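The block underneath contains the structure these notes are about, expressed in C-alpha cells.
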Amino acid sequence: MKLFRYFLTSLSAILLLGALSACSQPKAATSKRVTITFWHGMTGDHQQALNKMIQDFNQSQSTYKVVGSSEGNFGNVQQKITAAAKSQTLPTMAQTTYTNVPDYVRGNFIVPLNAYVDPAKLNQVVPSLRQSSQYQGKTYAWPFSKSARILFYNRDLLKKNGFRVPRTWGELQRESVQAKAKGLTGLALDQSFTAELNNLAMQAGTPLMTPHPQLTNPRMVAATHVLTDMLKQKTATTAGTDGFGNVKFFKGKTLFYSGSSAALGIMTASTPKGLHWRTAVLPSYRGKSATSIAGNDLVLFKSASQAQRKGAAAFMQFLLTNRETVKWAKATGYLPLTKTALRSRGYRQYLVQNPTAKAAVKSLPIGFQDKTFSGYSTQLNAVNQTVSQLSTLEVTPEKGLAQLQAQLKRTQK
Amino acid sequence: MRATLHNVTLAYDPPATILKNFTCTIPDGELVALLGPSGSGKSTILNLLAGLLTPDAGQILFDQTDVTRQDSRHRNIGMVFQDYALYPHLSVNDNIAFPLKMAHVKKAARQQRVAELADLVQITDQLAKLPRELSGGQQQRVALARALAKHPQLLLLDEPLSSLDTTLREELRTVIHNVQRATGVTTLFVTHNQEDALQIADHIMLLANGQLQQVGTGHDLYAQPRNLTVAQFIGRPQLNLWPVATLPTPLRASLPAAVLAQATTLGIRSEALQLASAPTEAQFTATVIQQRQLGRDTLTSLQAAPRLVSTAIPRTDRSTLPITVDRQGCLLFAATGDCLWTGADQ
Amino acid sequence: MTKRLLNGTRILCLLLGAGLMLLPFIWMLLTSLQPASTTLSVPTHWLPQALQWDNYHRIWQAAPFARYCLNSLLVTSVTTAGQLLTSILAAFAFTHLQFYGRRILFGLLLALMLVPGELLLIPNFVTLAHLHWINTYAALIVPWLASIFMFITLHQAFRAQPKTLYYAAHIDGASDWQYLWHVLVPTNRPVITAVALLQVIGSWNAFMWPLIVINDDRLRTLPVGLMAFTSEQGTNYPLLMAATVCVILPLILLYFGLQKYLVLGITTSQSKGKSL
Amino acid sequence: MINSRPTLKSTLRAALYLAPLLIITLMFTVWPLINALLMSSYTKYNYYTNQVRALGWANFAYLWHDPTFHLAVRNTLILVLLVMPITVALSLLIALGLNRSERLAGLLRSIYFLPFVTSTVAIGLVWNWIFRLDGGLLNAILEKFGLHAIDWLNDPRYALLVLSMVCIWQGLGVNIILFLAGLNHLDQRYAQVATLDGATAWQRFTNVTWPLLLPMTVLIVINTSVTNFKVFDQVYALFHGSAGPGNADLTMMYYLYQKSYVENQVTIAAASGLILFLFVGSLTLLTYGIYRRLGRWSR
C-alpha cells in the first residue's frame, strides 16, 4: 500500500513537472525579440565556436535572438528533421547536407531564401562553394561549413626517402610502390573511399553522382582501378573500422593520407610526438585537377513566421561577413566562404602561421560539389555499399560497377 | 454456528470430482472430521464451505444465513491449508496478525490477540522468526493461530497433519483438540487418516465417491457401519470378507439364518477370529501363513477359503489352527453393499 | 577430493570469464586517463604514462553534466516506477483474475514484445507532437511506462507462487488489492528488483528517443550529452571514455547497492521452498 | 475463485488492473504498428505531406528482389543461430556456477553483469580497439602464441564472428540475472530429495533443475532471439556507422535504419520492419509451440 502510494505520488509529481516545464518554455522572456531556433550538428570545439558566433549575432542587433542547439552528428540532425517535419515541429532553420534539399522540397517544408537575402551577398561566395545552394533555379541552401579533400603527407618520411609530393595519381602510385619495398605504406584512405572515387570519376569525365552515371564506361572503370589496384598491391590501405585514415597515418609508416580538411583540428590535437605532417592539393588524373568539396549548408523551414524568416536570413548573412567566416575557418578548419575573406589580411596571416590550411584554399579553384537531385541519398548509399565491397576486394571494379549500374536502374524505375 | 450444505451439486474439471445433490450438516461447536480416501471429494466440500469453490446448484447455509454466493472474505472463517500457506516474508507475529491487519484492528489490540493465540498454540518463543526458520509442527501451529485470529465462526482444516511424522502428529492432534475445546469454534477437519479422525473428532462424516456414506461417532462407524464401504474403510487391519456361499457349515450355523438368506458377504473383524479352545469348538481350520508382532498385537495371516487376518491369535508354532469366530465382530452385507446385520446388534 | 577439485575448477573458470568480462572496462578506464595524443600512437600504450585526471575535469566543463544527471535520474526513476506499477497490476490480473479473452490477449501482448522499436519511432513522435509533448519530460517518460517484457517476466514469477497463498490471504480477509501489495509484491521482491534493475539500465542508457524528442539542452539526458565528445571528423577517445565512465558509474554503484537484495533473494531460496 | 469462470463483472474488474498497461501499449505500440503496417503498402507516397497515391505490394516486391536485403536476412539469421544458443548455454552455466552464497560469487555476479550496464555505443568503441589489426589486444595475444594477426574488423570472413562475440558478451549479463532469479524460485527440497535418491549432479540437473527452470529458459530463449534479431547498435558502433566490410555485418535492423534514415525510403523500411516482425514472431511461436507440446506451460 505504502509502496503504491509512493508510486502514485512520484508519478503525478513528475507528470506535473513535465507539464509545468512544457508551459514555462521561455516565451515570455523573449517577447520583444523574435526567437530563431537553429538545429545544427556541431559538437565539441566546433560547437563552442558556433556558439560564440551566435552570441556575436545576438549582441550585434536587438530584433532577433538565435537559439542554437546541437542535435548530435549530421545523421542525428537529419533524423530529427525528418521526425519534426512529419509532426510539424520544425525549428526556424537548420544545418543540413544540401543533398537533402530535393527531399525537403518534395516534402514541401523548406522555403527558398531568395525573398529574404541579398543576392549580392551570395555572389561573394567562392563559386565552387556556391554551386550547392541552387535547386530548380532557386536558392535553398546557404553555404556554411565546407571542407575540401586534401592530401596529408608525412614530411619526415618523404624527406628521408627522397620522395616528393605527387602532382599526379601516377606519381603517387609509383612512389607508393617504392615505399612498399621499404616496408612503408603509400596511401591511407578513410573507411570508405567514395570521396576519392568521386574525384577520380570527375577527373575522368564520368561523374559519379549524377542521376544517370556512366558506370560501365571504360574511363570510369579505369578510374576505379587506380584505387583498387593500389589496395590489391597493398600500396594503399583503407581505414576500415578505424573510420579515418589518420589513425594509420599517425603510426608513422604511411606516406600519404587523403582526407578532409575539416579534420585539421582533430589531427593537430592528436598528432603523436615526433611526427611532422604537411598538406597538399590532391593529385591530378588524366591531366585534370578536381577536388570534391563536402559540407553542410543552412536551410530555412516553411513553418517559420515572416519575422523569423527575416531573422534567419539576417543571421545567415551575418555568418558570411568577413569577420565571422574567418573566425569560423580559424576555429574549425572549415573553409572561409567569401572571396574577400580569403584575401583578408587576418586570414592570410593565419595561413602563414598554419601552413597546413593552405592546401584546402588552393583546392578551391578546382573544387566541385555534387549536383543534387531527387534520389541522391539512395544513390550515395548504393555507391557506398559498392565501395565497401571494392575495398575488401570482394569484387572487381568491372563487376562491382556493373552491379551498381543495374541496381541504380532498378531503384530509379 | 451450524454449517450446512444443502443439495449441492458441483462438477469442475481438474480432478473430476463430482458432488450431486449433496447434503450434510456440521453441528454447532463440534469438531467434525471429514474422512475419506483421496479423490472422494473431501477437499471439494471444504473449499465449498470456505467459499473457494462456488456450487453449480444448491445452497450453503451458515446457521440460517445463505452464504452460497458470499465471498470467502466475508464469511468469517479460518482455514489451515495442507501446505500451511504461511506468508514467507512475514514473521510469525505478523503472520498471525495478518487477518487482523486486514480487518483494520488497532495495533495494540492486534498484539494482544497475537499474544493470546501464541500462548494457546504454544509458540510464544517463536514470534520473531520467519516461517522458514520453523519446523513443520511449528508452522502448523502458526497456521492454526492465524486461522483463529479473527474469531472465526467456522474453522476449516485441510489435511493438517498429513506431512508430519508420527510423534508430531500425536502432539498436534492434542493441540487441535484442545484448541477446539478452548475456543468452541465449529471445526471441520479433513483427513484421509482414520486415526486422526477417530482420535479427536466428535463426529466423523465418512465420504466416498462423492457420497456421504455415514455420519456418526467413531464407535458408531465401527460397530454399526451402514455399508460395506464404511466397514472396510474403518478399522485396521481391514475387515475380512467371506462370500456367504463358501462359508463352512459350523460358521454358517452361528449366524441368523433369516439374514443370511439375503446376504452375499460376511465381514469379520480381525479381533473376532480367535483360536478355538478345543478342536471340537472350531468353526473351521486355517493354515498359518505368517505371524508378525505389531507392538501389542500379533498379526496372523491365515488361509481358509479366503485369506484372513486376525489380531487375536497368540504366537504359535503350529501350522494349522482351529478357529472360532466371535459373533460380536461379524457383519452381513447384501449384494448392494448395505449392512443387513451386525453381531453387535444384540 | 574430486569434489574439491571440481569446485576449484568451477571457481577458476568463473574467474577467468570474469576477467574477460572486465577487460573492456579496464581499457575504458585506462584510456580515460590518457592524453589525446597517445591513443593513436604505436605501439599502443596500454598503461598511461602520466595519469590525465584533467580529462574528467574537462568533460565536466564541456557540458552541463549536473543538469543531464538530474534529468537522467528523474526520467529513469519515474519510468521504472511506472513500469513496475503497470506490469505488476497486469501480471497480477493475468495470474489470479478470470476475464474474457485472457489467452488471446496474452498471445497478443507476447507478440507485441517482438515489434522492432525503430519501426515505431516516428509514428510515436507524431503522436507526441499531437499531444504537444515534444520537448517535455512527459515525452521522455510516458511512452515507456509499459514494458511487456517486464510484464511477462513478472507473470512468470507470480504464477510460480503457490496459489494457496492467494486463497489464504483471501480467507484472512485481504482484498485482491491488499493481497497484491501485502503478499504478492513482497514475496516476489528478488524478481521485481531484478526486472527493475534491467529497466533502470535500459532507461538510463536510452539514446535515440531522448535525442529525438528533446530539443532543449536543459532537458537532455546523460547519454545524449555524451555525443558532445564525438564528431564527424574524429573522436577524442580519452574524453569520450572519461564521459562514459561517468555515465556508467552510477549504474555500477546502484548494482552493487542492490546486489545485497538480489543475493538475499538467491540465498534464501533453500528455505523458501518449505512454504511452497 | 478456484472454479470461477469469467463473467462480465470479473472482466471489468480485471480491466481495471490491465488498463494502465493496455492504454500505454495501445497508444505507443499498437497504434504505431498499425501505421507501419499501412505504410508498407503505400507505393507512391509523400512521407512528409502524407499523400498516398497508390497502394500495393511494390515495397515487398522490391525487398524480394533486393540482393542487399537478402544479405541482411542471411546475416541476421546466422547471427541469431550463432549467438542465441551460445548465450543461453553460457549464461545458464555461469548462473549455475554462481548460484551459491559464497562471498566470491557476489563479486563475480556483479562483474558478469557489468557489460549490460554500459551503453552499447561506448562499449562498441572499446571492442573496436580490442579487435583492431595492429595494437589490438586480441592480435597482441595471438602474436604471443606465434599466430598470425587477423584483421578481424575489416575481413568479411571474420566481421560477423566479431559481432557475434560482442553480442554474446553483452547478452550474458541479463540472462545470468534472469536465470539466477529463476533458480531462486526453485524449491531446493526437490534437489535434496533427488540427492537422497542417489542422483548424480548431472541427473539432478536434467531431472530436477532443468525441468523446473524450463519456463524461465523459454522466456530467455525468446528474449535473446528477439534481441539478436534486432541487433543494430553494436554494428553501428563497431564499424563506425557502416555495416562492416562489404556489408558483412548488415543486419535486418541496420537495413531498416539505412532505408528509413539514410535513404528516406520509409515505405520500404516499413515493409522490411514487418518482415523482421514476422521472422521474430514465427520463431517465437515455434519456441512457444514446442514448449506447449512439452506440456508445461499450463503447469
Side-chain angles (χ1 to χ4, degrees), chain B residues 14 43 46-47 49-54 71-91 94-105 129-136 138-140 142-143 145-152 154-156 158-159 163, chain C residues 84 88 91-93 95-99 102-103 154 157-194 196 258 260-276:
Chain B
S43 293
L46 195 78
N47 287 333
L49 286 168
L52 298 176
L53 282 171
T54 318
D71 195 282
S72 36
R73 289 211 292 141
H74 307 299
R75 288 193 187 183
N76 192 21
I77 50 175
M79 184 158 168
V80 173
F81 289 83
Q82 192 171 358
D83 61 2
Y84 317 141
L86 296 179
Y87 307 118
H89 62 296
L90 296 179
S91 68
D94 292 348
N95 257 290
I96 300 174
F98 187 82
L100 302 172
K101 196 173 168 192
M102 291 302 109
H104 303 291
V105 174
K129 289 186 181 169
L130 285 174
R132 61 167 170 269
E133 295 161 327
L134 302 180
S135 70
Q138 287 168 327
Q139 290 192 32
Q140 178 65 266
V142 176
R146 185 180 69 181
L148 290 169
K150 51 177 188 181
H151 299 285
L154 177 64
L155 178 63
L156 302 169
D158 190 5
E159 300 268 7
S163 51
Chain C
L84 279 177
I88 286 172
F92 165 77
T95 312
H96 289 299
L97 300 183
Q98 297 294 328
F99 52 92
R102 194 160 162 272
R103 274 162 176 271
L154 288 180
F158 287 179
R159 56 181 292 155
Q161 182 158 45
K163 283 234 169 191
T164 44
L165 273 187
Y166 179 53
Y167 302 140
H170 213 70
I171 286 172
D172 286 343
S175 63
D176 280 350
W177 190 250
Q178 286 169 319
Y179 164 73
L180 180 55
W181 298 109
H182 285 290
V183 180
L184 192 62
V185 169
T187 47
N188 281 287
R189 246 184 313 211
V191 174
I192 291 176
T193 316
L258 286 181
K260 235 192 250 164
Y261 234 119
L262 293 168
V263 175
L264 195 74
I266 290 158
T267 47
T268 50
S269 63
Q270 286 102 335
S271 27
K272 194 180 174 188
K274 283 187 188 161
S275 63
L276 278 174

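Labels below follow one simple rule: chain letters A, B, ... track the order of the sequence lines, proteins then strands, and each chain is numbered from 1. In this text, all values refer to a predicted model and were calculated from it rather than measured experimentally.
Of the atoms belonging to B/Y87, heavy atoms from both backbone and side chain fall under 4.5 Å from chain C.
Of all the listed residues (B/K150, B/M79, B/Q82), the one sharing the greatest number of non-hydrogen pairs under 4.5 Å with chain C is B/K150. Note on B/K101, B/H74, B/R75, B/M102: by heavy-atom pairs under 4.5 Å with chain C, the leading option is B/M102.
At a cut-off of 3.5 Å, with distance as the only test, a side-chain donor of B/D71 or C/H170 sits close to an acceptor on the other residue. Remark: the C/D176 side chain and the C/Y166 side chain contain an N/O donor-acceptor pair separated by less than 3.5 Å.
With B/H89 contributing its side chain and C/H182 its backbone, the two residues share a donor-acceptor pair below 3.5 Å. A donor-acceptor pair under 3.5 Å is absent between the side-chain atoms of B/D94 and the main chain of B/L90, judged by distance alone.
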